[in-house]
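In what follows, a single structure is set out as structure tokens and then discussed.
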2 protein chains.
Amino acid sequence: MRADAQKNHDKIVATAIEVFTEKGMDAPLDEIATRADVGPGTLYRHFPTREDLIDAVIKSWVLQIETAADDAVASDAPVREVLLRWFSAYVARISRNKGGPAKFTSAMGNSHSPIFSKCEVLRLANERVLDRFRHDGVIRADVDSLEVCRIIGGVAVVADQAGLDEAATVSMLGVVIDGLLRT
Amino acid sequence: MRADAQKNHDKIVATAIEVFTEKGMDAPLDEIATRADVGPGTLYRHFPTREDLIDAVIKSWVLQIETAADDAVASDAPVREVLLRWFSAYVARISRNKGGPAKFTSAMGNSHSPIFSKCEVLRLANERVLDRFRHDGVIRADVDSLEVCRIIGGVAVVADQAGLDEAATVSMLGVVIDGLLRT
DNA sequence: CCAGTATACGGAGTCATTCTCCGTTTAGCA
DNA sequence: TGCTAAACGGAGAATGACTCCGTATACTGG
């Protein structure tokens, strides 16, 4: 890639992180272009769709999600507590920017989405956590990771769109966790 | 209200029902105006916001929700089965038009929304059903109707946005129901 | 029945946003 | 240093929300 192209690419991603933080993931792309001092054409050449740009922005998350999952797998606290912490981390992650939960959760399981691979990271991290407890027989075995991601994602979407606080989210997650335990 | 205004009002609502069915609840309002043979100005005078129009469109539902709730309260089938049927009806209702679940669920509990009163109908119907089982002591008492509506709504939003089939929805509802039972 | 007026109409027009097209510029190479 | 593929960027087309205001008309009181 040409040096100027690389520079613009990086500048766009950096600006996108800023703008998404300020205005949510549905922020006008042209504003990102303007603030990155590039033309709209340049932005769209690098990132044909909004999701392609989101994909580039997410890269930094991946590691943190993996770490949270590692913690959950390693922790010897009670199941309920471990799951609550893990799901909270999951929700916090995808909710960092307004509109994020909807973006991730509706792309989940859709292999044609530009952010599919990032969703897979989430799904697989969740799978590792669930596997640990499935192994112990403390959670039900008939629900797969994708489905759990969707339910948790649903909670995140509602919390995001209705502007709920963390307490409300935790309470809803508690219900879902109880639904996963036993059986 | 002047006779011509009434006629236009009715024509707009009828057309909106059609267009929402075809294109979802985010369909262009100008298209509704065009197809109803009125100017955009007329549509916006009658319904200042999209939600005001949705509110008018919903009127026909209310009775059906009440009926489904009545059935759930009266049924002597097992809890799990009754709840599954009720929640399925709830989800089906708000998911009738694409984009519906998000509209309803994010307005739920927000008394400033034009469709708040309709959301209250949903919430109260759900409350009646929950109350019956709370009385029997078969479901947990520490989760209120609003919260349950949000969790179920979250499932509906995800199913709607990801285009999931009914089996997937039912499976997710099953998890939530298990989370509500006991304790 | 008719005139006067409040009410309602409707579409042209503005604004915001997405996305494209294409003439211009430039990095990197031979 | 000159050539060319690569990249740029902004004008502008397309879509959709929403407003403004000149025009038309349904009602009412005489």
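Letters A, B, ... are given to chains in the order of the sequence lines, protein chains preceding strands, and every chain is numbered from 1. In what follows, every heavy atom counts, from backbone to side chain, and hydrogens, waters and symmetry copies are set aside. All values reported here derive from a predicted model rather than from experimental measurement.
Positionally, the nearest nucleotide of DNA chain D for A/A5 lies more toward the 5' end than for the other of A/A5 and B/P28.
A donor and an acceptor atom sit less than 3.5 Å apart, one in the side chain of B/D30 and one in the base of D/dC18.
The distance between atom CG of B/D26 and atom C1' of D/dA17, rounded to the nearest whole Å, is 13 Å. Atom CG in B/L43 sits about 17 Å away from atom P in D/dC20, given to the nearest Å. In this entry the distance linking NZ of A/K7 with C1' of C/dG28 reads 15 Å, nearest Å. Nucleotide D/dA17 holds its C1' atom 12 Å from the CD1 atom of B/I32, rounded to whole Å. Taking atom CG of residue A/D4 and atom C1' of nucleotide C/dT24, one finds them 14 Å apart after rounding to whole Å. Atom pair A/Y44:OH and C/dC19:C1' shows a separation of 5 Å (rounding to whole Å applied). The distance from atom CD1 of A/I12 to atom C1' of D/dG9 is 11 Å, rounded to the nearest whole Å. If you take CZ of B/F47 and P of C/dG10, they are 14 Å apart, rounded to a whole angstrom.
Of the listed nucleotides (D/dA17, D/dG9, C/dT7), C/dT7 has the atom at the smallest distance from the side chain of B/R2. For A/T42, the side-chain atoms get nearest to D/dC8 when compared with the rest of D/dC8, D/dA26, C/dT18. Here D/dG10 is the nucleotide among D/dA6, C/dC9, D/dG10 with the atom lying nearest to any side-chain atom of A/P40. Among the nucleotides C/dT26, C/dT18, D/dC8, the one closest to the side chain of A/R50 is C/dT18. The side chain of B/L29 lies closest to D/dA17 when the candidates are C/dC9, D/dA17, D/dC8. Here the nucleotide nearest the side chain of A/R45, chosen from D/dC8, C/dA8, D/dT19, is D/dC8.
Without hydrogens or angle criteria, B/T34 side chain to B/D30 main chain gives a donor-acceptor distance under 3.5 Å.
Taking 4.0 angstrom as the limit, B/H46 places a side-chain polar atom (N or O) nearer than this to OP1 or OP2 of C/dC9. Phosphate proximity of D/dC8 to A/N8: present, with a side-chain N or O under 4.0 Å from OP1 or OP2.
Under 3.5 Å, the side chains of B/T105 and A/Q161 contain no donor-acceptor pair of N or O atoms. For the residue pair B/T49 and B/D52, a side-chain donor N or O sits within less than 3.5 Å of a side-chain acceptor on the partner.
Heavy atoms from other residues, nucleotides or ligands lying under 6.0 Å from CD of A/E22 number more than 12.
Residues A/L180 and A/F133 fail the side-chain proximity criterion, which asks for heavy atoms closer than 4.5 Å.
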